[in-house]
Amino acid sequence: MSLQVAPVNGTHIHYSQSGPKNGPALVFANSLGTDLRIWDDVVDALSSTFNIVTYDKRGHGLSGIGDAPYDVALHANDLIGLLDYLGLDQVIICGLSVGGLIAQKVTELVPNRVRGLILCDTAAKLGDYDSWNTRIEAIKADGIASMGDAIMERWLSPTFRKERVLETAMYRDMLVRTTIEGYVGTCIALRDGDLRDAAGNIAVPTLCICGSEDLATPPDVVRAMASMIPNAEFELIDGVGHLPCIETPELLTRLIDRFTKEKNLV
């Protein structure tokens with residue numbers, strides 16, 4: 001497949017689109033320090049049903065860095081701009097970590113365009129001001145690689161890291177090759193982003209998912225977000241860390257398939 005790129009908000013956004021163009025649109029938004037490839041196994045399993053879009057948010061993967069500072073609204077408007085470019089008016093959004101925050105912000109900004117939400121290992125407020133500042137300063141001083149091993153422990157379960165050593169090394173490479181500007185810019189967006197007041201206004205079917213071994217957004221944090229969103233459902237995936245799309249894509253696929261069918265989104 002040739003590289004696909006869209007001009008959005010003064011930069012370029014790398015994306016991939018697959019599945020039937022007349023199918024229900026399902027968009028995947030990535031976590032901090034990853035690119036669209038983390039969804040590959042899920043996309044393969046769902047692309048016979050859905051018109052699927054994956055993309056690299058600004059500062060990540062093959063997308064442009066754009067201008068600082070970043071905030072959650074900027075990332076959300078990038079996604080809205082991509083949807084405009086692709087002519088997608090109504091979408092389901094599956095967001096992971098910061099991608100989940102972006103999905104919530106898109107729902108706040110253009111609620112009429114979002115049909116459903118799948119919020120994986122995320123929250124309405126991720127982390128606290130001091131912890132994000134500590135990470136930002138460490139990365140500015142010593143680079144992302146200085147925190148690579150510690151971040152892998154937050155991303156992936158002990159079992160995955162022990163049994164799938166080469167894949168763990170590959171995902172660490174994905175992380176450390178992210179641009180400093182894009183990573184720090186998104187850390188600032190996370191530090192300052194707070195959608196707790198908006199969560200109660202989400203009026204679309206919502207499924208909240210968390211891995212039991214997630215050290216970045218532990219189950220209690222995700223469960224608390226689910227309690228803020230009217231009629232949201234919560235699912236715990238046992239033995240999995242922060243990235244269920246990598247560790248158990250088949251189970252995540254089944255949850256998405258069941259949820260979208262039960263809520264008449266397909």
Side-chain angles (χ1 to χ4, degrees), residues 5-17 25-36 38-39 52-127 132 178-179 181-208 217 222 225 228-229 232:
V5 63
V8 174
N9 289 340
T11 189
H12 59 274
I13 297 295
H14 170 235
Y15 71 95
S16 176
Q17 188 172 19
L26 174 59
V27 181
F28 290 92
N30 312 330
S31 56
L32 175 66
T34 66
D35 64 39
L36 56 77
I38 65 171
W39 302 105
I52 295 179
V53 175
T54 57
Y55 75 104
D56 297 337
K57 62 185 163 293
R58 66 171 61 213
H60 290 68
L62 298 181
S63 289
I65 295 170
D67 295 326
Y70 292 2
D71 58 24
V72 176
L74 177 64
H75 278 304
N77 278 305
D78 285 346
L79 177 50
I80 293 167
L82 177 60
L83 299 180
D84 290 344
Y85 178 82
L86 295 173
L88 298 175
D89 186 54
Q90 296 271 301
V91 298
I92 305 159
I93 308 177
C94 178
L96 173 63
S97 195
V98 67
L101 206 63
I102 292 167
Q104 293 170 69
K105 190 66 178 179
V106 170
T107 308
E108 180 188 15
L109 294 174
V110 287
N112 59 312
R113 297 185 67 172
V114 180
R115 300 178 59 227
L117 290 174
I118 299 140
L119 303 176
C120 301
D121 299 83
T122 188
K125 170 64 178 170
L126 287 159
W132 283 118
T178 305
T179 65
E181 297 93 336
Y183 192 93
V184 168
T186 303
C187 285
I188 291 169
L190 283 161
R191 181 194 68 189
D192 298 340
D194 187 346
L195 298 182
R196 287 175 289 191
D197 288 343
N201 296 321
I202 293 174
V204 297
T206 302
L207 173 63
C208 303
T217 52
V222 181
M225 174 188 63
M228 298 177 191
I229 299 171

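Along the sequence shown, residues are numbered consecutively beginning with 1. As a basis for the values below, the full set of heavy atoms in this structure was taken, side chains included, without hydrogen atoms, waters or symmetry mates.
Under the side chain to side chain contact (heavy atoms under 4.5 Å, CB included) criterion, D197 pairs with no residue at all, not counting sequence neighbours. Residues passing the side chain to side chain contact (heavy atoms under 4.5 Å, CB included) test with H12, sequence neighbours excluded: V5. By the side chain to side chain contact (heavy atoms under 4.5 Å, CB included) test, A29 is found to be paired with Y55, residues two or more places apart in sequence or in another chain being considered. Remark: H60 pairs with no residue by the ring-ring contact (aromatic ring centres under 6.0 Å, His included) rule, at least two apart or across chains.
Between S31 and I38, the shortest heavy-atom distance links the atoms OG-CD1, 4.2 Å. T11 approaches G66 most closely through the heavy-atom pair OG1-N, 3.7 Å. I229 approaches C208 most closely through the heavy-atom pair CD1-SG, 4.5 Å. Across all their heavy atoms, K125 and R191 have their closest contact at NZ-O, 2.7 Å. Scanning all heavy atoms of the two residues, the minimum distance from V114 to V106 falls at CG2-CG1, 4.0 Å. Closest non-hydrogen pair, T179 versus G59, comes out as OG1-O, 3.1 Å.
Put simply, the side chain of W132 never gets that close to the backbone of D192: no donor and acceptor are under 3.5 Å apart. At least one donor-acceptor pair closer than 3.5 Å links the side chain of T186 to the backbone N or O of G182. The main-chain N or O of H14 is never found under 3.5 Å from a side-chain atom of D56 such that the two would form a donor-acceptor pair. Between the Q104 side chain and the R196 main chain, no donor and acceptor come within less than 3.5 Å of each other. Between the T54 side chain and the F28 main chain, no donor and acceptor come within less than 3.5 Å of each other. The closest donor-acceptor contact from the side chain of T122 to the backbone of L119 lies at 3.5 Å or more, if one exists at all.
Between I188 and Y70 there is no side-chain heavy-atom pair separated by less than 4.5 Å. Two residues are said to be in side-chain contact when any heavy atoms from C-beta on lie closer than 4.5 Å; R58 and L74 meet this criterion. Residues K57 and N30 form a side-chain contact, since some pair of their non-hydrogen atoms from C-beta on lies under 4.5 Å apart. Residues H75 and K105 form no side-chain contact, since every pair of their non-hydrogen atoms from C-beta on lies 4.5 Å or further apart.
A distance of 11.0 Å separates CG of L195 from CG of N201, quoted to the nearest 0.5 Å. D78 contributes atom CG, which lies 4.5 Å from atom CD1 of I13 (distance to the nearest 0.5 angstrom). L36 CG to L62 CG: the interatomic distance, rounded to the nearest 0.5 Å, is 7.5 Å.
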All N/O donor-acceptor pairs, side-chain side in residues 88-101, below 3.5 Å, sequence neighbours left out:
| from | atom 1 | to | atom 2 | distance (Å) |
| --- | --- | --- | --- | --- |
| Q90 | NE2 | N112 | O | 2.4 |
| S97 | OG | H242 | NE2 | 3.0 |

N/O donor to acceptor pairs below 3.5 angstrom from side-chain atoms of residues 79-86, sequence neighbours left out:
| from | atom 1 | to | atom 2 | distance (Å) |
| --- | --- | --- | --- | --- |
| D84 | OD1 | R113 | NH1 | 2.6 |
| D84 | OD1 | R113 | NH2 | 3.0 |

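Applying the 6.0 Å contact sphere to CG of D67 captures no more than 12 heavy atoms from other residues, nucleotides or ligands.
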Item to check | Pair C187-L32, side-chain contact (heavy atoms from CB on, under 4.5 Å): steps then yes or no | outcome: CA-CA 8 Å; C187 285; L32 175 66; 3.9 Å; yes
